[in-house]
Structures are given as structure tokens and as C-alpha cells.
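Structure first, commentary second.
In what follows, chains are A, B, ... by sequence order, proteins preceding strands, each numbered from 1.
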Number of protein chains: 2
Amino acid sequence: MADDKRRSILHATLCLLAERGLHGFSMKQLAEKAGVAAGTIYLYFEDKDDLIRKLHEDILSEVARRLFVNYDASLPLFEQYRRMMENLWSFHRDCPEIMLSKAQFDTMPPDLLFGHQGKDPQALLDQRSTLLAVFQPMLDLFASGRELGMIKPLGDEFLCALCIDPLCDLARGHYLGIVCVTNDDLNALIAASWDAISTHP
Amino acid sequence: MADDKRRSILHATLCLLAERGLHGFSMKQLAEKAGVAAGTIYLYFEDKDDLIRKLHEDILSEVARRLFVNYDASLPLFEQYRRMMENLWSFHRDCPEIMLSKAQFDTMPPDLLFGHQGKDPQALLDQRSTLLAVFQPMLDLFASGRELGMIKPLGDEFLCALCIDPLCDLARGHYLGIVCVTNDDLNALIAASWDAISTHP
DNA sequence: TTAAAATGAACGATTGTTCATTTTCTCGGG
DNA sequence: CCCGAGAAAATGAACAATCGTTCATTTTAA
């Protein structure tokens, strides 16, 4: 099967990225880890940059899929929020390679992620907004929360930063053995980040 | 002067790291940007890894220095907190290269940052705690806040993640033109992250 | 038998690093 | 004050290794 090989290359890319980092990543090592010849990679991807970019898109849609797996817009807002955060946590537990790779993507100079030929800043914003579109249910949650006066009148980027960043950071720390996060800790963390984005009676 | 050259190499490393990322960073380019010959770098640093590591230490102590520039333990806790967050923000505004590089350090596989020879996990923890020691005033703030019942009984890593990560992330977004953060936004952000870490009456 | 998929040796470019050579600095005696 | 000998600092051509990529060839599938 053709798509199998494509996926195994992407998966090997993910693992190599997580353990060696974006530097220290080479096509030769990738070929070996994926169990294919060096030339085979170029049957499925234009070049190294294209491969990295495709993996990034793959990761984003996978994160979104897992974030909203039990999404129910009719639930109370905090319950919706709690579910998303728990999904994000268990996703990080299940797929640490994705988490480690995604963190590298998020902090790399942006002209390396998007086609670095286009200096047009508007194109960068467009590309970013389409990438962000997969997180629509969370943006919907924010929007209705603001309308109800339950969530602070801050922009989506602010709210995302306040609730997603800390959890991702601690998930990475937990995986690396730097900090231990118990179930109670996780609940307290979710409550704390809810305090950050919600208004108070 | 000898130390001048060392510093100019470190500074060029910082700039190159911020604009090209850790991959796409080469000693040849560094030599050109620093205005020295390739061999000169090896008079001041063992090798590439040593150079990167030294820059990381440099960055951390510089961040700490700026964070606590107007530190006053006698001030009310929130005022202390507000000052630190504002310092962090203005530091990011003044030195975007440091911010961009630090984010890459924070998300890279840890065995690349520390000497990758020692697989000993205890050594990793030790090294991390000494690196974290430069942030002692912030840890002190947390400790006294917890004692007074003003700050949630969470570990230092949790509190740091809740207040520092969002601000750094948004500072990066602001610098890259992805999101605009006004003065009012900054105040709201500081208040929101304080809500995350503080207890409520 | 033909077409499609996969291979891996080979390519030129670039990598991190070295070291014989050159330049710059230091300083005591004429 | 100048000189030049000796030390220290800086150089950049050259090294082996590895990089990303190609393509003539072989293997697999239809």
C-alpha cells in the first residue's frame, strides 16, 4: 500500500524530531528509522522543508481531533472547558512525541515553517488563521462565554495563551520527569486556568 | 580586548539563532556575522555545543537580572508580581532576539542542552535547579504568598507555567505581528494571570 | 509483459573542526 | 623614543564527515 509508506515516513519524522530535535535531524537517519531507502522519501515529499511542513499540518489536525473528541456545545461552559483540557492532557500522555515536536514548531522562526519565500505578512496571517480554524470549537466556547459575561473580554489569542500554554508546558515537564503532575494537580491546574480566563461573581 | 571578542561571538550567536533557528545555524555563518574567522570561535569555546550552552546560561542570567531590576520584597504581593510581569514584558520588547532564542531553548530535547553524555536523570534535575536558582525572588514571592493564603497551594513549576508562559507566548506573537498587545491588554493579562495563581476572597 | 514503486550508490555542497601561518600585541634594552 | 624579539591572538585554507538530493537500476505489482 502506498499511503502506508507515506504515513510511516511521517511517523518516523515525528519520532526523530522528538528525540533529536529539529537540528540533528537528517534525511539519512530518517530513512533508516522509517525503514525505507533515502530516495523513497522524495517520492512522497518534495524535499525536507515540505516534509516538515506536512508533518506540522498533520500534527495540528490531530491535536484538534483529540481536543474535541467528546465535544458537546450544550454542556455548561466550564464542563466544556474541563473536557477540552483533560483531552489535551491525555493526548499529551498518549503521544508525547507529538507534544515534543509541536513545542518546537510553535517556537521556531515563522518564516521556516511557512514557505519562506513569501515575505508578505498578510499571507502569514492568513496561513495562521487557517491553521487556527481547526480549533473552532474552542473559539466558539470563548465567544459564547464572553457573550454571557462568564469569560473575560480578551482576544482569542490571549485566552488560548492563558489556558493552553501552561498545560502544554507542564505536560512536557511531566513527561521529561522534571515535575510530577498528579490527577489532583491536573484538576487544580484546570481550575486555575479557568480562574485566569473567567470572570468572577 | 579579549573579552570583547567573546561577547561579540555570543551576541552574533544570539541574533543568528533568533533569525535562522537552531537548525539552519552554522559556524561559518556565525563567523561572518560576528566578524571573526572561523577558527577564532574555537579560541573561546570548546565546540558548537559548548557555545550554545554558554549562550543559554548567559540568557538565563540576563532574564533574571531584568526580571528583578526593581525588586522590593516589602511591597504588597500583587505589586511585586505586577512589576515582575511588566519587567518581563519590557525586556521582551527591548531584546526580542533573547526572547526568540529562549523559546527555542525551552522546547528543545533536554539532552541537547545539558551535556548529552550524562544520562543520569538526577544530574539533569540538579542542573535544572541551579539554573532555576537565579529566579529565587519570584520563588520567594510564591512562597510568602502561599503562606499568607493569597496564592494557591501549587508547586513553583505550576505557578511559573501559569503566569510566565502566557506572557512570553504573547510577547512573541506581538513581536511577530501575529497579535497586537496594547498597554491595556498587558494590564488585563497581568490581572488574568494573577487570577490564575491567587486565591479568591 | 508493462507499468509503478523502491532502491542506494554517487553527487556537489556544506558541515564542524583543525592547525600551519600570519598578524597583533607586549615590553625591556639601546 | 624606537626597535625588534618573543608571546599571544587571529586567521582562513584544508580536512574528513555528513548533508540533502538525484537518477540509473532493480524489485514489485498489475
| With sequence neighbours excluded, residues passing side-chain contact (heavy atoms from CB on, under 4.5 Å) with A:Glu79 |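 For A:Glu79 the side-chain contact (heavy atoms from CB on, under 4.5 Å) partners, ignoring immediate neighbours, are A:Leu75, A:Pro76, A:Arg82, A:Arg83.
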
| message | Can you pull out every ring pair (Phe, Tyr, Trp, His ring centres under 6.0 Å) where at least one residue sits in residues 137-177 of chain A? Sequence neighbours excluded, please. | response |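 Output for this query lists A:Trp89-A:His174.
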
For [X] and [N], give me the distance from atom [atom1] to atom [atom2], rounded to whole Å.
| X | N | atom1 | atom2 | answer |
| --- | --- | --- | --- | --- |
| B:Leu22 | C:dT15 | CG | P | 15 Å |
| B:Asp50 | C:dG16 | CG | C1' | 14 Å |
| A:Asp4 | C:dA5 | CG | C1' | 14 Å |
| B:His23 | C:dT14 | NE2 | P | 17 Å |
| B:Leu43 | C:dT18 | CG | P | 11 Å |
| B:Lys5 | C:dT23 | NZ | C1' | 11 Å |

| request: Check ring-ring contact (aromatic ring centres under 6.0 Å, His included) between B:Trp194 and all other residues, then give those that pass, not counting sequence neighbours. | output: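 Expected list: B:Phe78, B:Tyr81.
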
| field | Under the ring-ring contact (aromatic ring centres under 6.0 Å, His included) test, residues paired with B:His56 that sit two or more places apart | value |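 Applying ring-ring contact (aromatic ring centres under 6.0 Å, His included) to B:His56 gives B:Phe105.
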
| field | NZ/NE/NH1/NH2 to OD/OE distance under 4.0 Å, A:Asp106 and A:Lys102 | value |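 Yes, this pair counts.
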
Considering only distance and modelled atom types, tabulate donor-acceptor pairs under 3.5 Å from the side chains of residues 184-192 of chain B, sequence neighbours left out.
residue, atom, partner, partner atom, Å
B:Asp185, OD2, B:Thr182, N, 3.0
B:Asp185, OD2, B:Thr182, OG1, 3.1
B:Asn187, ND2, B:Asn183, O, 3.4

| task | State which residues pass salt bridge (Lys or Arg N to Asp or Glu O under 4.0 Å) with A:Lys48; sequence neighbours excluded, sorted by chain then number. | result |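 A:Lys48 satisfies salt bridge (Lys or Arg N to Asp or Glu O under 4.0 Å) with no other residue.
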
| message | The criterion is salt bridge (Lys or Arg N to Asp or Glu O under 4.0 Å); which residues satisfy it with A:Asp58, sequence neighbours excluded? | response |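 Once residues adjacent in sequence are excluded, the partners of A:Asp58 under the salt bridge (Lys or Arg N to Asp or Glu O under 4.0 Å) criterion are A:Arg7.
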
Give me, pair by pair, the N or O atoms of the protein and of nucleotides 25-30 of chain D that are less than 3.5 Å apart, along with how far apart they are.
none

| Tell me, for nucleotides 19-24 of chain D in 5' to 3' order, what letter each nucleotide earns: B for a base near a protein heavy atom under 4.0 Å, S for only sugar-phosphate near one, - for neither? | BBBB--

| message | Show me the pairs that pass side-chain hydrogen bond (donor to acceptor under 3.5 Å, both in side chains) and involve residues 151-167 of chain B, at least two apart or across chains. | response |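 Sorted result for residues 151-167 of chain B: A:Asp195-B:Lys152, B:Arg146-B:Asp156.
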
Anything under 3.5 Å between a donor and an acceptor, one on a side chain of residues 28-40 of chain A, the other on a protein residue two or more places apart or in another chain? List them.
residue, atom, partner, partner atom, Å
A:Gln29, OE1, A:Arg20, NE, 3.2
A:Lys33, NZ, A:Glu19, OE1, 2.8
A:Thr40, OG1, A:Ala37, O, 3.4

| task | Please tell me if the side chains of B:Thr13 and B:Lys54 come closer than 4.5 Å, counting only heavy atoms from C-beta onward. | result |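 B:Thr13 vs B:Lys54: side chains apart.
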
| said: Pairs counted only when both distances fall under 3.5 Å, Watson-Crick or G-U: show me the 5' to 3' dot-bracket for DNA chain C, [ ] for pseudoknotted crossings and | for other-strand partners. | reply: ||||||||||||||||||||||||.|||.|

| N/O (side chain, A:Tyr44) to phosphate O (OP1/OP2, C:dA5) under 4.0 Å |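 Indeed not, no polar side-chain atom of A:Tyr44 lies that close.
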
